Amino acid sequence: MSSAAAVVGIIIVVVILLIFMVSCVALISIWAKRMETMVGKDAPESKRTLTPTQKFILAASSPTIGNNYKCVIDIWETRDSEAEVSQVKKLFEWGWGEFTYENAKNMAEDCLNRGYNVKYMEYCSTETPLQELTSKYTDFELQLLKEMKQKYPKQGMLAWDLVRALSVVGGAYMGGIMGYEEAVKIAFRACKLLQENFSSWDDMVGSYTLGYQFWRGERKTDRLEYYKKLKKTWIYKIPWNTVLKESELGIS
């Protein structure tokens, strides 16, 4: 009797594992297809006909897409369902706190004006005692701050903050707490600052990656690797020195 029960138990476990594996494969396939549509040869016509300014904002937003975070890329008619909007809210609350217009607006403004880069500016300040820095930051953070100073002495991790601003307004738009016009105008400001402070997409992503690692507290390279894959697609065909125009934002 116990032997038969054991066999039944094993069969149940095997069935559960099979169902789990099939579900995972299905989810991965759905997400892979979605990413292929977003960034591959089968990009929808609505994206192929974006203005140069819209394409630039899309490219600047793209390092965050690998995290399945709904950023400015989704401003252009890619909201597929209420379930996606709900997912946006959860992701936003996980990364930014309470999902309200006021919070989104404040976070975006903070990214544009202060953000994480204020830590880099403090590190570079000759008025900040070394003892204070070592007590405030971990050895890993100090190592990254030193690397930023070597590679990006003027910018630090500014790109991390500016791309995060794109994520904030994109998520706010997707979740219905910020209108398209306001969201895309903030995105426009962020992209103008990126152009003013960096010389190329690689330059931008280098600063972004250091900021991402500082935020994560580890040498994560997943978004850098994702960027390298995206460089082979149509998204990064838009030149870095594209002249950005408000008249191309699709607003009245």
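Fair warning: this is a prediction, and the values are worked out from it, not measured in the lab.
Checked against the 6.0 Å centroid criterion, the rings of Trp201 and Tyr208 do not qualify as a close aromatic pair.
Ring geometry for Trp160 against Tyr116 counts as perpendicular: the plane angle is over 60°, on a 0 to 90° scale with 30° as the lower cut. Ring orientation note: the planes of Tyr236 and Tyr227 are nearly perpendicular, at an angle over 60° on the 30°/60° scale.
Here Ile251 contributes atom CD1 and Glu182 contributes atom CD; the two are 11.0 Å apart, rounded to the nearest 0.5 Å. The line from OG of Ser167 to CE of Met107 is 11.5 Å long, rounded to the nearest 0.5 Å. To the nearest 0.5 Å, atom CD of residue Glu225 and atom NZ of residue Lys228 are 4.5 Å apart. Rounded to the nearest 0.5 Å, atoms NZ (Lys151) and CE (Met157) are 14.5 Å apart. Of the inter-residue distances, the one linking Leu145 atom CG with Gln143 atom CD reads 10.0 Å to the nearest 0.5 angstrom. Here Leu112 contributes atom CG and Arg189 contributes atom CZ; the two are 5.0 Å apart, rounded to the nearest 0.5 Å.
Side-chain contact between Ile177 and Asn103: absent, with no pair of heavy atoms (C-beta onward) separated by less than 4.5 Å. Using a 4.5 Å cut-off on side-chain heavy atoms (C-beta onward), Phe214 and Phe140 make no contact.
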Next item on the list: Decide side-chain hydrogen bond (donor to acceptor under 3.5 Å, both in side chains) for Tyr212 and Asp222; before the verdict, give the C-alpha distance in whole Å, the side-chain angles of both, and the deciding distance to 0.1 Å.
Entry: CA-CA 10 Å; Tyr212 172 56; Asp222 54 325; 3.1 Å; yes
Note to self: Working note: Lys146 + Tyr123, criterion side-chain contact (heavy atoms from CB on, under 4.5 Å); need CA distance, chi angles, decisive distance, verdict.
What the structure shows: CA-CA 9 Å; Lys146 181 180 180 180; Tyr123 172 80; 3.5 Å; yes
Next item on the list: Please report the C-alpha distance between Trp240 and Leu194 in whole Å, then the side-chain angles of each, then the deciding distance to 0.1 Å, and finally whether the side-chain contact (heavy atoms from CB on, under 4.5 Å) criterion is met.
Entry: CA-CA 10 Å; Trp240 176 259; Leu194 284 169; 4.0 Å; yes
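With respect to Glu218 and Lys220, no salt bridge is recorded, no charged nitrogen being found less than 4.0 Å from a carboxylate O. Electrostatic pairing of Glu181 and Lys185 counts as a salt bridge here, judged by a charged N lying under 4.0 Å from a carboxylate O. Between Lys119 and Glu141 there is no salt bridge, since no side-chain N of the basic residue sits under 4.0 Å from a carboxylate O of the acidic one.
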